[in-house]
Number of protein chains: 2
Amino acid sequence: MAKRSYHHGDLRRALLDATAEAIGEAGPAALSLRDLARRAGVSHAAPMHHFGDKAGLLTAFAAEGFDKLSAELSAGSGEFLEAGVAYVRFALAHRAHFEVMFSPGLYRAEDADLAAARQRARRALYEGLAAMRARPDPARPDPARPDPARPDPARPDPGRTVGGSAGEWDETRAAGLAAWSVAHGFATLWLSGALPGTSAAPEDAARLVFARLRDGVG
Amino acid sequence: MAKRSYHHGDLRRALLDATAEAIGEAGPAALSLRDLARRAGVSHAAPMHHFGDKAGLLTAFAAEGFDKLSAELSAGSGEFLEAGVAYVRFALAHRAHFEVMFSPGLYRAEDADLAAARQRARRALYEGLAAMRARPDPARPDPARPDPARPDPARPDPGRTVGGSAGEWDETRAAGLAAWSVAHGFATLWLSGALPGTSAAPEDAARLVFARLRDGVG
DNA sequence: CACTGTATCTAGTCGTTGACAAGTTAGACG
DNA sequence: CGTCTAACTTGTCAACGACTAGATACAGTG
């Protein structure tokens with residue numbers, strides 16, 4: 001606590017917080033361990049004791065991000081559209097974490113703690129996405145099916161395997177991946193400033209985009 | 001051409017090529033101007049003459065990427081699903097360009113040449129995506145509409161404005177953004193290695209994912 | 001309280017990098 | 001042939017990541 005003492009108290013925590021702050025100001029590329037040390041008021045080599053090297057710091061930072069994401073997804077309603085919005089909200093609110101999490105070149109992707117955190121986040125994510133098939137939005141009328149006897153070839157039954165590898169590319173999985181792709185793509189494009197002239201609130205825009213995925217654009 | 005002469009011949013081109021190579025090996029974060037100079041066989045300060053600084057090099061590199069993307073999108077069939085696949089194919093085939101293009105912190109986003117190239121790419125992209133409404137895939141049976149008199153409230157007519165700002169968030173735009181988000185998100189997730197155990201070919205997987213968007217997942 | 005072990009942090013150093021300044025060379029043009 | 005200019009080199013500096021060795025504070029143990 002007391003910054004003047006030889007021991008910082010919780011330097012590890014302070015460095016992770018400083019990391020988020022520094023990345024938020026100038027992006028991950030401009031991140032400097034020595035700058036973090038200055039922010040925390042310690043010597044330039046202090047960070048290395050806790051994280052080994054820069055990649056170690058970012059590995060811990062990414063793991064923290066995956067845990068934050070898990071928490072925010074689990075706190076949601078579990079409804080499909082809201083799960084996607086929560087994903088986008090996380091990316092915007094924790095931009096620094098989000099950017100590092102999906103830049104594996106910056107950290108050690110094979111780290112055990114990180115892999116576990118990522119696994120937890122993926123589980124939480126797919127729980128929210130699985131809801132899109134099991135329980136459709138009750139406010140939305142059931143889409144008319146053409147004919148049960150002659151099913152639409154473009155919409156096979158869930159569970160039907162499409163790809164070559166057995167069981168890998170069933171329709172549920174493809175739908176989940178599509179949902180994740182929309183959420184991730186929208187968040188990434190928004191963060192990168194690639195969307196021109198979008199003055200609307202990102203969450204509202206995201207909701208419209210997710211509705212397109214739910215109902216189809218064809 | 002002759003590497004032994006004082007003048008390189010086309011150092012600018014050689015440096016851009018070396019940039020793609022270096023980023024392909026170790027990622028954008030590890031890129032070093034001095035390493036590029038070594039690859040091109042010139043002195044360590046030679047690159048700065050052509051690009052000013054590191055951001056200048058990456059600005060030119062990103063602009064080159066947007067032009068490549070425009071070319072590949074324009075060469076496609078113009079059909080919705082194939083446009084998305086082309087986008088993914090570009091991201092995987094020109095990974096270095098793609099990563100830099102959507103990391104605005106690495107270059108000068110306000111550069112005039114770059115902005116023009118990005119604009120061209122966006123135009124080419126939206127041309128491919130606009131096809132999804134104008135001419136649906138002829139191989140796909142028309143989806144049954146519930147009742148023309150009582151239209152599905154979740155699928156308003158194209159052109160209807162949803163957001164607050166007038167004309168900004170009509171349905172066509174939302175659908176285009178959804179398509180771009182899917183393509184971009186899928187490519188990004190694939191490149192970041194976030195998709196576990198996907199041994200299938202990325203283009204085939206992308207096709208399945210785009211089909212989910214076209215038909216809806218609800 | 002004194003002793004000791006250990007985690008935490010400091011201080012110093014090395015090779016590398018991005019950026020800048022000043023000088024040198026090659027090629028074009030009159 | 002002379003001059004001008006773009007292209008490139010050499011030299012330098014501060015900052016960075018990484019490493020080493022040493023100093024300091026804290027927790028037990030007796």
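Lettering of chains follows the sequences in order, A, B, ..., and the numbering in each one begins at 1. Quantities reported herein were computed from a predicted structural model and do not represent experimental measurements.
Screening residues 106-115 of chain B for side-chain hydrogen bond (donor to acceptor under 3.5 Å, both in side chains), with sequence neighbours left out, gives D53(B)-R108(B). Counting only residues at least two apart or in different chains, side-chain hydrogen bond (donor to acceptor under 3.5 Å, both in side chains) contacts with residues 91-106 of chain B comprise E64(B)-H97(B), R95(B)-E99(B). Each side-chain hydrogen bond (donor to acceptor under 3.5 Å, both in side chains) pair with one or both residues in residues 29-38 of chain A, not counting sequence neighbours, appears once here: D35(A)-R39(A).
Atom-to-atom, CG of L15(A) to C1' of dT8(C) comes out at 12 Å; the value is rounded to the nearest Å. Rounded to a whole Å, the NE2 atom of H8(A) is 8 Å from the P atom of dC9(C). Per the geometry, CG belonging to L57(B) stands 10 Å off P belonging to dA19(C), to the nearest Å.
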Contact state string [nucleotides 12-18 of chain D, B base, S sugar-phosphate only, - no protein heavy atom under 4.0 Å]: B---BBB
Ignoring hydrogens and angles, write down the donor-acceptor pairs under 3.5 Å from the side chains of residues 177-185 of chain B, residues two or more places apart or on other chains.
{"from": "W180(B)", "atom 1": "NE1", "to": "Y87(B)", "atom 2": "OH", "distance (Å)": "3.0"}
{"from": "S181(B)", "atom 1": "OG", "to": "L177(B)", "atom 2": "O", "distance (Å)": "2.8"}
{"from": "H184(B)", "atom 1": "ND1", "to": "Y87(B)", "atom 2": "OH", "distance (Å)": "2.9"}

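The side-chain contact (heavy atoms from CB on, under 4.5 Å) test applied to R89(A) returns V85(A), A86(A), E203(A), not counting sequence neighbours.
Side-chain nitrogen and oxygen atoms of H49(B) include at least one within less than 4.0 Å of the OP1 or OP2 phosphate oxygen of dA7(D). Put simply, H50(B) has no side-chain N or O that comes within less than 4.0 Å of OP1 or OP2 on dA6(D).
Looking only at distances, no side-chain donor or acceptor of S74(A) sits under 3.5 Å from a matching main-chain atom of A71(A).
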